[in-house]
2 protein chains.
Amino acid sequence: MSTAKGARARARIEVTAAIKDEARRQLAEDGAAKLSLRAVARELGMVSSALYRYFPSRDDLLTALIIDAYDSLGADAEAAHAKVADAEPIRRWTTVCEAVREWALGHPHEYALIYGSPVPGYVAPATTVPAASRVGLLLIGIVRGAHQGAGVALPPLPAELGPEARRLADDLAPDLPPAVVTALVAAWAQLYGLVGFELFGQFNRVVEDREPFFRHAVAQLGHGVGLVFPQDTGTGGRGSRAGS
Amino acid sequence: MSTAKGARARARIEVTAAIKDEARRQLAEDGAAKLSLRAVARELGMVSSALYRYFPSRDDLLTALIIDAYDSLGADAEAAHAKVADAEPIRRWTTVCEAVREWALGHPHEYALIYGSPVPGYVAPATTVPAASRVGLLLIGIVRGAHQGAGVALPPLPAELGPEARRLADDLAPDLPPAVVTALVAAWAQLYGLVGFELFGQFNRVVEDREPFFRHAVAQLGHGVGLVFPQDTGTGGRGSRAGS
DNA sequence: TCCAAAGCAAGAGCAGTGATCTCGTAATGG
DNA sequence: CCATTACGAGATCACTGCTCTTGCTTTGGA
């Protein structure tokens, strides 16, 4: 009674949290497709219709879980990055990439929820954008730090890509060269290609020892955005591509 | 009389095809999650239970659609490649990549079926492997052709990746250097990262002019596996060896 | 030619789903 | 103190995948 907001309001957020917890539990067990409002309600000792007082539809419950998943991934990535915040940019880059992979391996169904096939007819509301951006912002920050002083030259962009590259740079990191921002966006997508292929079974019976494979692949990705290993800096370029 | 197999067998394959066609139609409209056996049967003027004579379960119908999708994608990619079979390897590489993207944009739900989140509890039977491998084999062939004569040097692999790289090379292309095969597998996954991000909406409000962006990204991917432009047109050579 | 065996569609039925509506009860706050 | 509001229960609707039984039709061997 003495609580300012009243028992009702408190019960509401408690029940809301309980619903999300149970839904997340079922999600981790059977995946999003088998998430059942009735099963959640049953497990919580309520009747299915009562759930609609908290989430207007199954899709709204999914949206809540999506935001939580993005935030969980973002928090993990940020925490991993914080531990190596003073290291070389390439080290920070690979650390964040590996954190993404580890979170994905630990939360496969939640990963599928946010980076897998979208539910047909479902469009992610704008509410998800901030949470969804956290990893991307982290990567941008790393690359920005690396290019702060000595910029590493990237191959020139084809002319047809010029306008789009400038638009990307304007939107995401006006202080970085368009070629770098373009490479960064591509690397961002490619990172999730690597993670997704491993998680969704495309690497089964193909790649066995996945950790070093992933580590090397994301290091190459880092090179593609201009990050270099400290010992690699000999010639000022990255160690060689098409080799001569 | 003339029909050796009898009317019954013929009717069976006809009905089977009709079911798959209608299922594919519904797939393209509402996505895999909303594919309903009853709706397919209704549309075909039969009763739902009759469908089980042709596909023992909904998942088996999905499996059939998955194999068809892999084959459709593979056929498109192979056809696109055949048109430039005599061109430079890098040109063939980007052509195949663009064919993959175009097929995906044209068949978003089928793409989601084969490269999106797997259906929980559903494991793709080994039957899908040959169809699923077609694009990969195409890419391997292109890289093999490019390395036939003059091998292009890639950066050395880290020691920890050595065994896995050798295993990959043994399994996929024993005639290619392990570093190349490793880069190829990574590029393969990364290609689908690019396509998936565009298709699943991750590029919305980020990348606007996606075709040149994609073209450039897969060209870079090609460089990563050792393919080079004969001589760069227009804006002058890629600055790779320049690097300064 | 005949007839048992097999293939097949229909229909009823089961257990489950998301969603909606009504109705009595309990907390809330002016 | 009492009208308003929030809430949970229950019934109900239109669906879903799937199973089983019941007849009809085609098939292929004797």
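Excluded from the calculations below are hydrogen atoms, water molecules and symmetry mates; all remaining heavy atoms, backbone and side chain alike, are included. In what follows, every chain begins at residue 1, and chains take the letters A, B, ... in the order their sequences are listed.
Not counting sequence neighbours, the partners of Ala23(A) by the side-chain contact (heavy atoms from CB on, under 4.5 Å) test are Leu35(A), Val40(A), Leu61(A), Leu65(A). Shown here are the side chain to side chain donor-acceptor pair (under 3.5 Å) partners of Ser49(B), two or more places apart in sequence or in another chain: there are none. Listed by chain and residue number, nothing satisfies the ring pair (Phe, Tyr, Trp, His ring centres under 6.0 Å) test with Phe200(A) (two or more places apart in sequence, or in another chain). Not counting sequence neighbours, the partners of Arg167(B) by the side chain to side chain donor-acceptor pair (under 3.5 Å) test are Glu164(B). Qualifying side chain to side chain donor-acceptor pair (under 3.5 Å) partners for Tyr111(B), counting only residues two or more places apart in sequence or in other chains: none. For Asp76(A), the salt bridge (charged side-chain N to carboxylate O under 4.0 Å, His left out) test picks out no residue, with sequence neighbours left out. With sequence neighbours excluded, the residues that form a side-chain contact (heavy atoms from CB on, under 4.5 Å) with Glu29(B) are Arg25(B).
The ring-ring contact (aromatic ring centres under 6.0 Å, His included) analysis of residues 34-69 of chain A, with sequence neighbours excluded, yields no pairs. Within the structure, salt bridge (charged side-chain N to carboxylate O under 4.0 Å, His left out) pairs that include any residue of residues 182-209 of chain A comprise Arg101(A)-Glu198(A) (at least two apart or interchain).
Judged by distance alone, with hydrogens and angles left aside, the side-chain atoms of Ser133(A) form no donor-acceptor pair with the main-chain N or O of Gly136(A) at under 3.5 Å. Between the side chain of His107(B) and the backbone N or O of Trp103(B) there is at least one donor-acceptor pair closer than 3.5 Å.
Atoms CZ (Phe55(A)) and C1' (dT20(C)) sit 19 Å apart, rounded to a whole Å. Rounded to an integer number of Å, the gap from Glu14(B) CD to dA9(C) P is 13 Å. Taking atom NZ of Lys34(A) as the reference point, atom P of dT17(C) lies 11 Å away to the nearest angstrom. One interatomic measurement links the two molecules: CG of Asp30(A) to C1' of dG16(C), which rounds to 14 Å at whole-angstrom precision. The nearest whole Å value for the distance from the OH atom in Tyr52(B) to the P atom in dC14(C) is 17 Å.
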Short N/O separations, protein against nucleotides 12-16 of chain D, under 3.5 angstrom:
from    : atom 1 : to       : atom 2 : distance (Å)
dT16(D) : OP1    : Ser36(B) : OG     : 3.1
dT16(D) : OP2    : Arg42(B) : NH2    : 2.9

Nucleotides 3-10 of chain D: which of its N/O atoms have a protein N/O under 3.5 Å away?
from    : atom 1 : to       : atom 2 : distance (Å)
dA6(D)  : N3     : Arg8(A)  : NH2    : 3.0
dC7(D)  : OP1    : Arg12(A) : NE     : 3.2
dC7(D)  : OP2    : Arg12(A) : NE     : 3.1
dC7(D)  : OP2    : Arg12(A) : NH2    : 3.2
dG8(D)  : OP1    : Tyr54(A) : OH     : 2.9
dG8(D)  : OP2    : Tyr54(A) : OH     : 3.3
dG8(D)  : N7     : Arg53(A) : NE     : 3.2
dG8(D)  : O6     : Arg53(A) : NH2    : 2.5
dA9(D)  : OP2    : Val47(A) : N      : 3.1
dA9(D)  : N7     : Ser49(A) : OG     : 3.3
dG10(D) : O6     : Ser49(A) : OG     : 2.7

Can you give the dot-bracket line for DNA chain D, using ( ) for pairs inside the strand, [ ] for pairs that cross earlier ones, | for pairs with another strand and . for unpaired bases, where Watson-Crick and G-U count if both distances are under 3.5 Å?
||||||||||||||||||||||||||||||
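Contact annotation for Ser48(B): base contact, defined as any heavy-atom pair under 4.0 Å involving a base atom.
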